[in-house]
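I have placed the structure first, in the form of structure tokens, so that the comments after it can refer back to it.
Both backbone and side-chain heavy atoms feed into the values below; hydrogens, waters and symmetry mates do not. Residue numbers start from 1 in every chain, and the chains themselves are labelled A, B, ... in the order their sequence lines are given, proteins ahead of strands.
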Protein chains: 2
Amino acid sequence: MKTRDIGRSAVRDELARTAFPLFCDRGFDEVTFEELATVAGVSRSTFLRYFGSKEEVVLFSFDPLGAQMVEALLDRPAHEKDRTALRHALSPATGFLNRDPAEGLALLRLIGRTPALCARLREKQAGWRPGLARALAERPGARPGPDLRRQVLAGTALECLTVSLEHWASSEGDIDLDGLINDSFSALSD
Amino acid sequence: MKTRDIGRSAVRDELARTAFPLFCDRGFDEVTFEELATVAGVSRSTFLRYFGSKEEVVLFSFDPLGAQMVEALLDRPAHEKDRTALRHALSPATGFLNRDPAEGLALLRLIGRTPALCARLREKQAGWRPGLARALAERPGARPGPDLRRQVLAGTALECLTVSLEHWASSEGDIDLDGLINDSFSALSD
DNA sequence: CCCTAGTTGATACTGAGTGTCAAAGTCGAG
DNA sequence: CTCGACTTTGACACTCAGTATCAACTAGGG
């Protein structure tokens, strides 16, 4: 039954793809499911079945990043300090947006000017913190320590990501995103 | 026209106060505006006029914290390092929850098990970051530097607050909250 | 006392999100 | 190829959040 799931996520991608320009043009709140469905050529019911909420239509593409960052963190060499490893572990996120910078910027702009999307993305990000913290405890050569410390380290890394993305978006992508990440982490240790 | 505004916020407090136990008992999503209004003895229209959304009924009490933390930060002595000043600037938030620990814990629990409230609170917190960053630039004896650094410092301070509150809530308030804040900041510099 | 401005509750409306159902489509087994 | 099980789809009905409007009411200032 794998073909079902493949088809399902392909349809998801396609629906989101047709929805994106509408959101960008007219604003997230001004577009209804009815219109999204009409443009995509399906019924409102079907569209709603693929996304639990309107926010998900925009934000579901961020979902894999949590697991990808955990994997990236676990792949860092044992001798690397936690903070450095975390900095490198953000690469799935920067890569996701840098793959197609124009679309990445449009996405961040849309999110930035839509409070509901800001809130939901922050919620998603907050959901990544526990996983990263656990990965910190499980990485090769991890020294035991309080959970609080790992949560703080993971949380600050994600906050560096957020701040960097904000500056990247407001520079229209002119500044190198990975450079901003490095600068953000530098600000942590001075 | 000051009496109007005083009366207005007094009514707000009272409405929120009557609503809180309902949310705690039956869950945020299971309570409708209709019920809130009935219990409070006003019409649905009136209740809705005092709060822009259902989330605000629970979260509006956090609103003053942003300005209070900025004020607290500006009051810190000039010789204090930015990070230390930020740590102390969180005291309005810890004080707000420690004033009545039982209610503070109930509030955090309610938020913790309601995704919509999590998201909105995170949004509010994110809104405090720019103010704190600006205050960092304006504090007595501030050395000029890139905005990115100040945003990161303010963001990490707020993340320390979030993580500390999370641990405080999951310990049922047994662990000292200000101690957790200190420990969180310690994790930043090692 | 009256006039004005703000408050209230009633009503109606849009749109998100849920649930149900029958019809149509898909896939594997015989 | 055909049958039967399972899935997907679209239609419909429903609840509730949130917005807007309006007439009745109320409080404060002159």
What integer distance in Å separates A:Asp29:CG from C:dG15:P?
12 Å
Of all the choices, D:dA17, D:dG10, C:dG17, which nucleotide is nearest to the side chain of B:Lys54 once you look at every atom?
D:dA17
Does A:Arg12 offer a backbone N or O that forms a donor-acceptor pair with the side chain of A:Ser9 under 3.5 Å?
no
Considering only D:dA17, C:dG15, C:dT18, which nucleotide approaches the side chain of B:Phe33 most closely?
D:dA17
Within one Ile-Leu-Val-Met-Phe-Trp-Tyr cluster: A:Leu15 and A:Leu117, side-chain cutoff 4.5 Å
yes
Please determine if A:Arg8 forms a cation-pi arrangement with A:Tyr50, meaning its NZ or CZ atom is less than 6.0 Å from the six-membered ring centre and no more than 45° off the ring axis.
yes
Any base atoms under 4.0 Å from B:Val11, or only sugar-phosphate, or nothing? Heavy atoms, all strands.
nothing
Residue-phosphate contact under 4.0 Å: A:Ser43 side-chain N/O, D:dG10 OP1/OP2:
yes
Could you walk me through whether B:Ser91 and B:Thr94 pass side chain to side chain donor-acceptor pair (under 3.5 Å), step by step?
CA-CA 5 Å; B:Ser91 60; B:Thr94 60; 5.5 Å; no
Can you tell me the distance, in whole Å, between the CG atom of A:Leu15 and the C1' atom of D:dT9?
13 Å
Roughly how many Å is it from CZ in B:Phe28 to P in D:dC16, rounded to a whole number?
14 Å
Does OP1 or OP2 of C:dG9 have a side-chain N or O of B:Thr46 closer than 4.0 Å?
yes
Select from A:Ser45 and A:Glu34 the residue whose nearest nucleotide in DNA chain C is closer to the 5' end of that strand.
A:Glu34
Does the ring pair (Phe, Tyr, Trp, His ring centres under 6.0 Å) test come out yes or no for A:Phe33 and A:Phe51, once each step is laid out?
CA-CA 10 Å; A:Phe33 270 116; A:Phe51 304 96; 8.0 Å; no
Rounded to whole Å, please give me the gap between CZ in B:Arg8 and P in C:dT8.
8 Å
Rounded to whole angstroms, how far apart are CZ on B:Phe47 and P on C:dT8?
12 Å
Between CZ of B:Arg26 and P of D:dC16 the distance, given in whole Å, is 10 Å
Sugar-phosphate only, base, or nothing, as touched by A:Tyr50 at under 4.0 Å among non-hydrogen atoms:
sugar-phosphate
Classify the side chain of B:Arg49 and the base of C:dG9 as holding, or not holding, a donor-acceptor pair under 3.5 Å.
yes
Atom CZ of B:Arg12 and atom P of C:dT7: how far apart are they, to the nearest Å?
13 Å
Take the protein atom CD of A:Glu55 and the nucleotide atom C1' of C:dG17, then report the distance between them rounded to whole Å.
11 Å
Let's test your reading of the model: under 3.5 Å, does the base of C:dG15 pair with the side chain of A:Arg44 as donor and acceptor?
no
